[in-house]
Amino acid sequence: IQRGRYVQEAIAPAIVALRALDYPAVLAPAARAHAVYENANAEILALIDLQLDTAKASYGAGMQRYQQTWWISISALLAAIALLSLGGVLLIRSIVRPLRHVIKVFRHIEAGKLDTPIDIRGGDEISDTLRALQTMQVTLDANANANAIHQLAYYDPLTQLPNRRLLRDRMQAALLSSCHNTHHHALLLLDLDNFKTINDTQGHEVGDQLLIQVAQALSHVVGDAGTIARLGGDEFVILLHDLPTQESSAREQVKHLAQQLLDALQQARLQISPATPYGTNTSASIGICLFQNNNATAKDLLKRADVAMYEAKADGRNGFCFFNPTMQAQLDTRTALQSALQGAVDAGQFQLHYQVQVDAQRRPLGAEVLLRWTHPQFGSVPPSTFIPIAEDSGLILGLGQWVLQQACLQLKRWQDNPLTDELVLAVNVSARQFSHPQFVAQVQDALLHSGANPARLALELTESLVLHDVADTANTMQ
């Protein structure tokens, strides 16, 4: 309305006057226009401010929409980058993981482990590689199983030396070979001295370590000259081939090798445990059996070498001994006596004899028990013959207990006679019998059942037994 009035009252007359070039006529419209403008100035300013505010509001809304659009665009871009990165990681993993599996399989195969499972997924180049590996794994696994079965069947798992089975095969081959030439062959049976003591005092792990080191020392000496096998326990066998035809030369060659084996064990000072930082000397006893022209069986050869080995132990250990037929005869006699000993007590073949002990005036103080054995076939067998057999076989325990019982019964009979009631009866006790956990109980039982006076029973021990463990001996005697 103000604009229309302004145009009608001021602007339009002024335009007419100007067109007519009537200057005075222009002044009146101009004055009216000025008056109208002055009257509408406040309203115009308010309108301008309103338009400015509207424009500013529109600008602010536009900027806000721009900022919102910017953040949305940035967020969308970051999300797209994250998705692409995740996709890239997954893609890399899908490639790297199978490759790692391939590398793992290769490393296991290199280490001899052929049981690593191979998981194949997909049909790409990596899967083709895995399939090829799987085929190779099956082939290698079959070969490894065959090798493992052969190793278990023919080799000792501790020392990796040939075992008894492979030794028997090679002995048979040597016997067959001896049929076609005149060369001597030799079988050496080596048994470690006092190995049981090491096992009992330091444990089986230390004993196993010692066996491994012994096997290495023997292999170093023998080399390719023969076969070294472990029969079991602490027994090793060396089979030598193609020795000289003349027996004396063959014996000298084997004798030299046997001494080298003993020296190697002595000089090695084998380290068997942290408790022995400077090592320990290990000795052995060796039995040697020569053979030629297939003159024996494998079983016979082992038996002969075993006989010679025990002869070497009897001679003081840390030595060697060649087999001769006399040893076999002695072994057969010993075996027969051991068999006869098993039923001798029940058969009443043992008798107790009493050797009187006197003082300086030759007055009797007591007696010492003497054990005698009379066999229907072997006749009177001396104690020096049957006592060692009884001790080695363990029969001394039952025999010693029977002697104690009979000695206590004799003491009781003397005790009931005024002429003999003060006599003392001495009984020899073997080391094995004295070390038995039930020895004290057996003595007490013999005294209790016989009714004999314990003060009249004397137990005689060897000096070696007492010195072996003084404290334990004194405790048992008390």
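The first residue in the sequence is number 1, and the count goes up from there.
Results of the side chain to side chain donor-acceptor pair (under 3.5 Å) test with D263 over Q266, Q260, Q259 single out Q259 as the only residue that passes. Exactly one of I286, L231, L302, I288 qualifies for a side-chain contact (heavy atoms from CB on, under 4.5 Å) with L189. That residue is L231.
Judged by distance alone, the side chain of E247 and the main-chain N or O of T245 form no donor-acceptor pair under 3.5 Å. Without hydrogens or angle criteria, S177 side chain to A173 main chain gives no donor-acceptor distance under 3.5 Å.
When every heavy atom of M327 is checked against every heavy atom of C321, the shortest pair comes out as CE-SG, 3.0 Å. Closest approach of Q292 and T182 over heavy atoms only: NE2-O, 2.5 Å. The shortest non-hydrogen separation linking V424 to A458 is CG1-CB, 3.9 Å. Between A284 and L262, the shortest heavy-atom distance links the atoms O-CD2, 3.3 Å. Considering every non-hydrogen atom in both L265 and T282, the closest pair reads CB-O, 3.1 Å. Residue A215 comes nearest to F236 through the heavy atom pair CB-CE2, 4.2 Å, listed as atom of the first residue, atom of the second, then distance.
Aromatic ring orientation, F434 versus F439: tilted (interplanar angle from 30° to 60°).
In this structure, the side chains of Q433 and L404 come closer than 4.5 Å at one or more pairs of heavy atoms. In this structure, the side chains of L161 and L166 stay at 4.5 Å or more apart for every pair of heavy atoms. At least one side-chain heavy atom of M309 sits less than 4.5 Å from a side-chain heavy atom of D306. Between L218 and V214, the closest side-chain pair of non-hydrogen atoms falls below 4.5 Å. The closest side-chain heavy-atom distance from L257 to F320 is not below 4.5 Å. Contact of the L290 side chain with the L243 side chain is registered, since non-hydrogen atoms from C-beta on lie closer than 4.5 Å. Two residues are said to be in side-chain contact when any heavy atoms from C-beta on lie closer than 4.5 Å; L301 and L175 meet this criterion. You'll find the side chain of Q410 reaches within 4.5 Å of the side chain of R413, heavy atoms only.
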(request) Report the C-alpha distance between D169 and R165 in whole Å, list the side-chain angles of each, state the deciding distance to 0.1 Å, and finish with yes or no for salt bridge (Lys or Arg N to Asp or Glu O under 4.0 Å). (result) CA-CA 6 Å; D169 292 347; R165 183 176 181 180; 5.2 Å; no

(message) The test is side-chain contact (heavy atoms from CB on, under 4.5 Å); show your working for V356 and L423 and say whether it passes.
(response) CA-CA 10 Å; V356 178; L423 294 180; over 6 Å; no

(request) Check the pair L352, L371 against side-chain contact (heavy atoms from CB on, under 4.5 Å), reporting the backbone distance first and the verdict last. (result) CA-CA 5 Å; L352 295 188; L371 182 62; 3.7 Å; yes

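Screening residues 312-325 for side chain to side chain donor-acceptor pair (under 3.5 Å) gives D191-K313, D193-K313 as the qualifying pairs, with residues at least two apart or on separate chains. Residue pairs satisfying the side chain to side chain donor-acceptor pair (under 3.5 Å) criterion with at least one member in residues 226-238, sequence neighbours excluded, are listed as follows: D156-R230, R170-T227. Residue pairs meeting the ring pair (Phe, Tyr, Trp, His ring centres under 6.0 Å) criterion with at least one member in residues 323-368, sequence neighbours excluded, are F350-W373, F350-F386, Y354-W414. Evaluation of the side chain to side chain donor-acceptor pair (under 3.5 Å) test over residues 391-402, restricted to residues two or more places apart or in two chains, returns R334-D392.
A salt bridge does not link D300 to R304: none of the charged side-chain nitrogens sits closer than 4.0 Å to a carboxylate oxygen.
Considering CG of L395 and CD1 of I387, their distance stands at 10.5 Å, rounded to 0.5 Å. Here the OG1-CD1 distance, from T159 to I228, works out to 9.5 Å after rounding to the nearest 0.5 Å. Rounding to the nearest 0.5 angstrom, the gap separating the CG atom in L86 from the CD1 atom in I81 is 13.5 Å. Taken from CG in L337 to CD1 in I389, the straight-line distance is 4.5 Å, to the nearest 0.5 Å. Interatomic distance, L192 CG to T197 OG1, rounded to the nearest 0.5 Å: 11.5 Å. Here the CD atom belonging to Q444 is positioned 10.5 Å from the CD atom belonging to Q438, to the nearest 0.5 angstrom.
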Taking distance alone, no hydrogens or angles, what donor-acceptor pairs closer than 3.5 Å link side-chain atoms of residues 447-457 to residues at least two apart or in another chain?
residue, atom, partner, partner atom, Å
H449, ND1, D445, O, 2.9
H449, ND1, D445, OD1, 3.0
S450, OG, A446, O, 2.8
S450, OG, L447, O, 3.3
S450, OG, A452, N, 3.3
N453, OD1, A455, N, 3.1
R456, NH1, E422, O, 3.3

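Crowding of Y310 atom OH: a count of heavy atoms from other residues, nucleotides or ligands under 6.0 Å not exceeding 12.
Residues that satisfy the side chain to side chain contact (heavy atoms under 4.5 Å, CB included) test with N428, not counting sequence neighbours, are E368, E460.
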